Amino acid sequence: MAETTVTQAPGASTQSTGRRSRLFVFGLTIMAIAVGAVSFWAYKEIESAEQKLEDGLRLRASLIVDGRVDAIDTQLKNMMGAASRLIESEVFSFFAAEVDQLPGDVSMLIAPPSTRPMSEEPATESSDPMEKLSEQLPLMIVNLRDFVLREGFVSARIVNRRADTYISTHSTPPALTTAEEAEVKRVLESGQPLVTGIYAGPFGLVHGLIMPIFPPEFDAQHDKAVSALMLVKAITGKNNLSEIVTASSVSAEGFITRLLQSTPEGFQEVGLGVGASLRPIASPESIDADVLPFGVRSAADGSGQVYSMGRRIPGTAWWITQERDYANSRVDYTATVRSILTLAALGIVALGLLVSVIWWRLVGKEQQEVASQLRDLNELINEQKVLLDGINSTMTDPVALTDDKGVYHYVNRAFAEAVGRSTEEIPGLDIAAVFGFDTAKRLEATNQRVLLTGESTTVDEIIWLQSKRHHFQISIAPLRGENGVISGIVSVFRDITKQVEAQERGNRMVQQTIEALVRAIEAVDPFLGGHSRIMGRIASLIARTMSLPEREVSTIETAASLSQVGKMFVPREVVTKPGALTPEEKRQMEQHVEYSRDALKDIEFELPVLEAVTQMNERLDGKGYPAHLKGDEIGMAARILAVANAFTAMARPRSYRPAMPVAQAVSILAKEQEAYDPQVVRALEAVLKTPSGERIVAQAAASRAE
């Protein structure tokens with residue numbers, strides 16, 4: 001019995017160090033998990049604190065903005081209400097309607113009486129509309145001035161549809177600017193009030209309110225506004241815009257309120273303090289049609305980062321925004337973050353101490369277990385040695401162990417006997433020294449593939465040993481060490497020579513049977529024998545062109561040789577009949593498939609030959625026979641045989657017709673896409689362009705010549 005070398009087990013010191021290293025890695029893993037958990041907790045707490053900070057700031061800013069926007073909106077509505085009551089009174093509506101009817105320049109209305117043209121016929125009561133309106137004008141001016149003083153406006157004027165002023169609180173009102181004329185016309189056309197933008201005037205920063213004046217309801221001659229009331233109001237002073245915007249509240253602590261307005265040239269900040277002014281600013285980030293959402297952005301005055309939000313005041317180009325310095329807002333949050341990080345650090349330190357204590361206790365306990373484990377290990381090694389020696393003496397299949405360089409380190413007795421050497425002289429030799437160069441080259445290629453992929457494999461090899469030819473089935477598996485790294489190859493050789501020789505004898509018998517059947521086919525009709533051979537060559541070339549596996553090619557070649565065997569049992573007069581078959585004769589001819597099945601079913605081909613033969617006459621559209629299969633129900637071998645059979649039948653002569661030109665036969669197959677697989681037909685076209693295909697065409701031509 002061959003001796004088996006067993007490597008001595010590592011010493012107690014090595015085992016202890018390895019166990020301690022594993023414990024150390026385990027402790028580090030637990031510590032890493034704990035640190036990760038604490039860090040995640042700290043992260044979530046910090047995230048929650050920041051969310052609470054921003055939620056609180058968002059709520060406070062929203063309350064301030066909403067309150068001031070609503071207050072300004074209410075003030076504007078009150079102003080519009082007071083103005084509406086004035087201009088809707090009959091005095092103003094009648095006067096405006098009469099002025100709208102005056103021809104010519106309305107300035108004559110407010111001209112001194114001496115400058116007006118005299119009527120040709122004096123009358124006791126004036127009939128001049130201009131004069132009547134002039135008489136009413138002082139009262140209208142007084143009413144307008146009283147309204148301005150009562151409601152806190154700076155000035156007021158009434159203009160007609162030509163933008164001419166005919167009533168004003170100033171004795172000499174300034175002419176309207178181009179922008180003011182455009183605003184008046186927009187109000188007159190739309191019939192809707194307009195709050196103008198804030199601008200600098202003689203009284204400081206002011207804004208305007210333009211209201212349409214409609215004629216009395218019973219005046220059917222007018223259906224649109226006939227004049228417009230233009231009011232000017234200062235933004236500073238009691239109960240004015242500045243007082244509403246700058247009003248302080250507890251919730252506004254730390255916040256800065258800004259009044260912005262949008263102009264065609266861009267945004268402006270409206271200064272509300274001493275020396276109020278308009279200052280151009282950059283467009284606020286993320287602003288849309290009505291809302292500036294809460295977020296972190298640059299301050300309106302460019303002083304730094306702030307939390308801010310804002311809203312547009314309805315019906316105006318004004319915006320109320322709230323800002324709070326970013327750094328000052330986060331003072332409490334920063335203190336909270338420091339507290340959370342301090343707690344997290346203390347927790348990590350405490351966990352580190354706990355893991356260290358547990359590790360030291362485990363190491364001490366491990367030292368006590370090492371001696372006991374070593375004793376058990378030595379006993380196990382002795383038992384394994386006895387077991388391995390027993391297996392070595394009884395295993396009949398050769399077994400070998402090589403390293404990654406192909407050098408043998410161990411072989412069993414069966415391997416040594418097979419190669420004609422002793423078990424002692426083989427370790428240290430390489431594969432070439434044991435099997436020879438050619439065999440070693442094949443075996444080393446397989447071994448290298450297993451070393452690279454790490455996957456086991458099984459191969460069949462023919463090896464000459466002691467001048468005898470052997471067929472081996474070799475199972476090759478990678479040998480891994482404790483660290484999982486592949487260090488060598490384990491090969492188990494199974495001698496299958498007898499099985500292979502028996503299979504070869506069976507194949508020869510099957511081939512002889514096939515040849516006998518082909519000769520029998522030719523006895524029925526010589527055309528069928530030549531047909532089977534040419535069809536087989538064409539089908540084989542098509543299969544190889546389509547890169548089918550070798551097993552599929554062998555199936556097609558065998559099936560082609562036997563494809564006509566069933567026709568031996570069809571009446572000869574039907575097989576060789578010239579012209580078209582009758583329905584009854586066609587039914588008899590189609591039975592050749594069943595005859596083929598009966599003749600071939602008991603032959604062991606080890607390939608799906610019978611399936612290919614019986615499906616060869618099926619068509620993709622289900623119009624074939626005998627089972628009327630469709631599409632994917634027909635195997636690829638049968639599809640190839642169908643194309644090859646049809647082409648050969650058309651390209652060779654029969655007893656009842658001449659051969660068809662090759663190009664015409666291919667064209668017919670290409671058009672019959674519902675019956676024949678287009679992929680196979682394209683492969684046939686490619687085959688016929690090769691030298692092998694050209695030789696087949698030449699053989700078909702020779703058949704026609706015969």
Side-chain angles (χ1 to χ4, degrees), residues 9-63 251 253-255 285-286 293-299 303-309 322-377 454 480-487:
S13 176
T14 304
Q15 276 196 338
S16 176
T17 302
R19 177 75 178 275
R20 190 175 303 169
S21 298
R22 289 193 296 274
L23 287 173
F24 181 72
V25 171
F26 176 74
L28 285 180
T29 303
I30 296 300
M31 190 64 192
I33 294 173
V35 170
V38 172
S39 300
F40 180 75
W41 168 83
Y43 167 76
K44 297 303 289 185
E45 287 296 316
I46 292 172
E47 184 180 54
S48 175
E50 184 171 26
Q51 189 64 46
K52 289 180 181 178
L53 166 69
E54 293 186 352
D55 288 345
L57 292 175
R58 182 185 293 105
L59 178 60
R60 292 171 62 191
S62 177
L63 291 174
S251 62
E253 181 181 356
F255 282 93
E285 303 169 15
S286 306
F294 180 83
V296 179
R297 54 180 62 88
S298 298
S303 59
Q305 292 292 101
V306 295
Y307 286 104
S308 68
M309 73 176 299
Q322 289 295 122
E323 296 180 358
R324 200 170 195 273
D325 183 73
Y326 180 81
N328 291 337
S329 299
R330 296 172 71 88
V331 171
D332 293 340
Y333 164 75
T334 303
T336 301
V337 170
R338 284 198 296 267
S339 300
I340 293 172
L341 294 178
T342 301
L343 288 175
L346 291 175
I348 291 173
V349 170
L351 288 171
L353 292 174
L354 178 61
V355 170
S356 299
V357 170
I358 295 174
W359 184 81
W360 281 110
R361 291 193 63 181
L362 290 175
V363 168
K365 184 178 180 181
E366 180 264 343
Q367 294 288 350
Q368 299 173 3
E369 296 176 353
V370 168
S372 175
Q373 291 178 353
L374 285 177
R375 289 192 298 270
D376 295 340
L377 180 60
R480 301 180 185 272
E482 290 185 1
N483 56 2
V485 177
I486 298 175
S487 59

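Quick caveat: nothing in here was measured; it's all calculated off a predicted structure.
Across A61 and F255, no two heavy atoms sit closer than the pair CB-CE2, 3.9 Å. The two residues L53 and Y333 have their closest heavy-atom pair at CD2-CB, 3.8 Å. Between S62 and M309, the shortest heavy-atom distance links the atoms N-SD, 3.5 Å. Pairing each heavy atom of T336 with each of A49, the nearest pair is CG2-CB, 4.1 Å. In this structure, L351 and A34 approach most closely via the heavy-atom pair CD1-CB, 3.4 Å. The minimum heavy-atom distance between E45 and I340, with the atom names listed, is CB-CD1, 3.6 Å.
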**Request:** Go through the steps to decide whether R330 and Y307 satisfy the test side chain to side chain contact (heavy atoms under 4.5 Å, CB included), and finish with yes or no.
**Result:** CA-CA 10 Å; R330 296 172 71 88; Y307 286 104; 2.7 Å; yes

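Salt bridge annotation for K52-D55: absent, with no cationic side-chain nitrogen under 4.0 angstrom from a carboxylate oxygen.
Taking OG of S308 as the reference point, atom CD of Q322 lies at 10.0 Å (rounded to 0.5 Å). One finds the OH atom of Y326 at 13.0 Å from the CZ atom of R297 (value rounded to the nearest 0.5 Å). To the nearest 0.5 Å, atoms CZ (R338) and CG (L343) are separated by 13.5 Å.
For the pair S298 and Q305, the minimum side-chain heavy-atom distance is below 4.5 Å.
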